[in-house]
Amino acid sequence: MPRKKTKKPTTNNDYVPVSKEDLKHAVEVPVKSFSRDDIEKVEEIKKSKKTKSTKATLKTKAHYSLIITEKPQAAFKIASALSDDGMQKKSIQGVPYYELTHKKHPVIVACAVGHLFTLTHKPHIKKSEWPVFDIEWKPNFEVKKQDFTKKYYNVINKLCKNAKDFVVATDYDIEGEVIGLNIIRYICNQKDAQRMKYSTLTANELIEAYEHKQKTLDWKQAIAGETRHYLDWIYGINLSRALMDAIKQTGKFRIMSIGRVQGPALHIIVNREKQIKAFKSEPYWQIFLDIENKHKIQVKYLRDIKKKTELEKFKKLKGKTGEAKTNKRQQSLQPPVPFDLTTLQIEAYKFHNITPARTLQIAQRLYLAGLISYPRTSSQKIPISINYNKILNRLKTKFDFVKKITRKFPIEGRKTDSAHPSIYPTGEFKHQISGQEQKIYELIVKRFVSCFCSDAILDHTRIVVEIEKLKFSANGAKIKEKGWVAVYPVKLKEQELPDVNGKVKVKKVKIDEKETQPPKRYTPASLVSEMTKKNLGTKATRSMIVETLFERGYIEGKSIKASPLGIAIIDTLQKNSPIIIDEKLTREFENEVAEIEKSKNLEKKKQFILNKAKKSINKIEKDFKKHQKKIGEDLAKANTAFIKQQQKENEIMLCPKCKKGKLRILYNRKFRRYFVGCSNYPKCKTTFSLPPNGLIKKTDKECKKCKWPIMIRIQAGKRPWEFCFNPDCPTNKEWQKKKKAYAKEHEKRNSK
């Protein structure tokens, strides 16, 4: 008998009803840190230009050029820039495209939404089978049913049939090249296409890119990008299936993932965690003297004391006389180099506590709005070709500090990128921004402008005092000329010292006892920086890899800590298949993929790299199958500990009804919502509904009215909302009225 479809419960804007049966579908909630991206707010950029919109009739036009962009907003920008006398916005299945003429030649601009194709194994291969190397590109909607990209695929498929020629205008990097290549060969059935190359979505640059477009795709970027996709798939799928297969041998199951960059990245964090746990603090002492002649200052002994027996000689210095000498020097501090992506992510976290993943997301939005240049760059160069004098003149109308520039040519760093210059503001102000977008934008503007400012001049003062052949010192600094420091935020501690020379007397001896500290845990920004130094991942993927480790429960906290599950995975792999977490091998692959762009025979280099990867996976298979049972037991044990940890961290309070179980935050996968349930289920079926559409966490606060714990809902784009989940609490009376009114209105609508 066919199963009856269950009607999804209706919801209002705040809460959803929870039935007692919901506990059957409940799972433990993954515990996430409050610093994760879902806490942070990114406000939408408002469009500045309205376009007449009509539904498409798709009349046959056999002579138009079809421009294919990576994102809808880029299509709008390009169409706006190229149109002779306005464009016509049309749509198919709600997907927009633009018809226009450029120099009287008909043009259609269509868009994708990132990748329309994904790698997957051939149909004859089972989903649990590994190792798998027989893979192919398939449309996303064929791999993931009802995928939203299907309508974008369909629109391009219809538009390409009557196109005379094709122009790829996706982001100019290896990812953009793969997106464009797949559309051209698998939808348009073309072997090649013309290519627009640009770094900003400003009208002048887009016109220049179109009128001087390359005759072919950038095949070096395309093959390098495709090779990286093959590598990531071969490693990611095979290694993840290997882990899950090992757990299955114990009769348990957990979705797990590991990859050629994930593994080494997690290894870095676990090693730091082990260093912290193994660290043993040792005492040390710092010696300070208050000295005096005409002036009174404090000086410090030049080194820390590690033996307590040495302290006696310092205690005897009170009342002694010594000789002081003041030395002065001037230091010139050059402006910081322009932003590449990694440096922007580090600085955004330092000044605004915005995670690297969120910073990239915001920078991408600013780029699509035409406010900044392309953010996924490793360049620290500001070429004269961007017309930076014109940009500075535009910025001058909005930012007073632009008047502080003194350099004719900017300061630059050593890093270069063949595709794009450093990140810089375009000088356009057609969009309103606020919140975090405003912070990131202004940081980029200040960094760019500071590159044209004079050096900061610091006056350094160092006082050295010698007493009983023991040397002490004090250091001071004062900014003489601010230069770029007046523009870009920087933390320079100023301390002015008087000139102290000649005889001085010790008025007081101060001995501070301290303890050595373990290494600091990584922050999201410092982990991205460490991955950059070790050449793990790419500038565009590092922050996403960090986020994936959080999502899998392998790491946790704002100050990143390896979870017991993360530690167990690394320990197991270290013992049984260390090649998986070998950062040297990962770095070799990164270098070899980069070498593709310099290779004369692209396909040969690609096959060499993939064959090397297959050999590596085959070796891993032998290691795994030899120790599969032990690996599975270790992982299952760690998973059980992880679940218990989640249960503990999600406990709220003693159940007020059964007085035995604990109320816990649970997640219903069927209806995709959080609720509170009793751990004594099925004996106790107590449940409480929680607000939908967001992450629910407990807080350390309690309700002032009923003394129940306060919860918090965290939702992207909205302020975190704190609430009491007790339905009988006086604070919820108003909500109960709204709920009843909503239910009546809903019942009324359904009865019609």
Side-chain angles (χ1 to χ4, degrees), residues 31-36 264-290 298-318 346 349-350 353 355 465 467-475 491 493 495 506 508-534 536 546 549-550 553-575 581 583 634 637-638 641-642 644-646 648-649 700:
V31 176
K32 293 187 180 181
S33 165
F34 274 82
S35 65
R36 301 276 26 93
L266 180 58
H267 192 203
I268 290 170
I269 299 163
V270 170
N271 277 348
R272 178 60 58 90
E273 197 62 34
K274 288 181 177 180
Q275 288 172 10
I276 292 169
K277 287 181 178 179
F279 186 84
K280 294 181 180 179
S281 291
E282 294 181 356
Y284 71 95
W285 294 265
Q286 292 181 335
I287 315 298
F288 298 88
L289 303 181
D290 288 349
Q298 188 176 79
V299 292
K300 180 187 173 187
Y301 188 56
L302 296 182
R303 61 181 179 85
D304 296 333
I305 304 301
K306 295 181 179 179
K307 293 182 180 179
K308 194 171 184 178
T309 53
E310 290 186 46
L311 298 179
E312 288 303 316
K313 64 183 177 185
F314 294 101
K315 293 176 182 178
K316 297 175 182 178
L317 294 180
K318 185 176 180 180
I346 292 168
Y349 191 82
K350 179 169 75 174
N353 204 31
T355 65
V465 177
I467 305 170
E468 302 279 311
K469 295 184 179 181
L470 298 170
K471 288 188 176 181
F472 299 79
S473 69
N475 295 293
K491 297 174 182 178
K493 188 178 179 182
Q495 184 180 355
V506 179
K508 185 179 178 181
V509 177
K510 182 184 176 185
I511 300 174
D512 283 354
E513 183 175 356
K514 297 190 174 184
E515 285 189 338
T516 53
Q517 298 298 309
K520 289 184 178 180
R521 289 191 171 97
Y522 291 104
T523 65
S526 65
L527 181 55
V528 167
S529 178
E530 185 69 14
M531 290 170 69
T532 303
K533 290 175 188 174
K534 293 178 177 290
L536 300 177
V546 175
L549 293 176
F550 273 111
Y554 300 162
I555 60 176
E556 56 195 12
K558 183 177 176 181
S559 181
I560 297 174
K561 178 182 179 182
S563 71
L565 181 60
I567 294 171
I569 288 172
I570 293 301
D571 285 347
T572 301
L573 296 178
Q574 186 84 60
K575 285 185 290 184
I581 54 176
E583 66 180 54
D634 288 348
K637 184 178 177 182
F642 177 72
K644 287 181 179 178
Q645 178 190 349
Q646 299 293 300
K648 187 69 178 175
E649 292 182 8
D700 295 329

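Values in this document were obtained by computation on a predicted structure and should not be read as measured data.
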inquiry  = For Val528 and Ile346: C-alpha separation, side-chain torsions, deciding distance, then whether side-chain contact (heavy atoms from CB on, under 4.5 Å) applies.
reply    = CA-CA 8 Å; Val528 167; Ile346 292 168; 5.7 Å; no
key: Worked verdict on Phe472 versus Leu317 for side-chain contact (heavy atoms from CB on, under 4.5 Å)   = CA-CA 12 Å; Phe472 299 79; Leu317 294 180; 3.8 Å; yes
request  = Quick one: do Ile567 and Lys277 satisfy side-chain contact (heavy atoms from CB on, under 4.5 Å)? Show the steps, please.
outcome  = CA-CA 12 Å; Ile567 294 171; Lys277 287 181 178 179; 3.7 Å; yes
Derivation of the side-chain contact (heavy atoms from CB on, under 4.5 Å) call for Lys561 and Ile276 = CA-CA 10 Å; Lys561 178 182 179 182; Ile276 292 169; over 6 Å; no
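Note that CD1 of Ile555 is 4.0 Å distant from CD1 of Ile269, once rounded to the nearest 0.5 Å. To the nearest 0.5 Å, atoms NZ (Lys514) and CH2 (Trp285) are separated by 13.5 Å. To the nearest 0.5 Å, the span separating CG on Leu527 from CD1 on Ile560 amounts to 5.0 Å.
For Lys350, the salt bridge (Lys or Arg N to Asp or Glu O under 4.0 Å) partners two or more places apart in sequence, or in a different chain, are Glu347. Taking the salt bridge (Lys or Arg N to Asp or Glu O under 4.0 Å) definition, one finds that Lys575 meets it with Asp634, sequence neighbours left out. Applying the salt bridge (Lys or Arg N to Asp or Glu O under 4.0 Å) rule to Glu530 yields the partners Lys534; only residues at least two apart in sequence or on another chain are considered. Partners of Asn271 according to the side chain to side chain contact (heavy atoms under 4.5 Å, CB included) rule, which considers only residues two or more places apart in sequence or in another chain, are His267. Not counting sequence neighbours, Lys508 has no partner by the salt bridge (Lys or Arg N to Asp or Glu O under 4.0 Å) test. In this structure Lys316 satisfies the side chain to side chain donor-acceptor pair (under 3.5 Å) test with no other residue, sequence neighbours excluded. Listed by chain and residue number, nothing satisfies the side chain to side chain donor-acceptor pair (under 3.5 Å) test with Asp512 (two or more places apart in sequence, or in another chain). For the side chain to side chain donor-acceptor pair (under 3.5 Å) test, residues two or more places apart in sequence or in another chain that qualify with Lys274 are Asp571.
Residues Ser563 and Gly553 approach most closely at OG-O, 2.6 Å, considering heavy atoms. The heavy-atom pair separating Ala562 from Val270 by the smallest distance is CB-CG2, 3.9 Å. Taking all atoms of both residues into account, the shortest heavy-atom contact from Lys558 to Pro524 is O-CD, 3.5 Å. A pairwise comparison of heavy atoms in Pro519 and Phe279 identifies CD-CD1, 4.3 Å as the closest pair. Listed here is the closest heavy atom pair of Ala265 and Leu549: CB-CD1, 4.2 Å.
Annotation: side-chain hydrogen bond (donor to acceptor under 3.5 Å, both in side chains) contacts involving residues 515-526, sequence neighbours excluded, comprise Arg272-Tyr522, Glu273-Arg521, Thr523-Ser526. Listed by first and then second residue, the salt bridge (Lys or Arg N to Asp or Glu O under 4.0 Å) pairs that reach into residues 279-289 come to none, sequence neighbours excluded.
Remark: of the listed residues Leu470, Ile467, Val465, Ile467 is the sole one forming a side-chain contact (heavy atoms from CB on, under 4.5 Å) with Leu289.
Residues Ile268 and Leu536 have side chains in contact (heavy-atom distance under 4.5 Å, counting atoms from C-beta outward).
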Donor-acceptor contacts, no H, no angles, side chain residues 298-313, under 3.5 Å, sequence neighbours left out:
| unit_1 | atom_1 | unit_2 | atom_2 | d |
| --- | --- | --- | --- | --- |
| Gln298 | NE2 | Asp290 | OD1 | 3.1 |
| Asp304 | OD1 | Gln286 | NE2 | 3.3 |
| Glu312 | OE2 | Lys315 | NZ | 3.3 |

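Without hydrogens or angle criteria, Thr572 side chain to Ala568 main chain gives a donor-acceptor distance under 3.5 Å.
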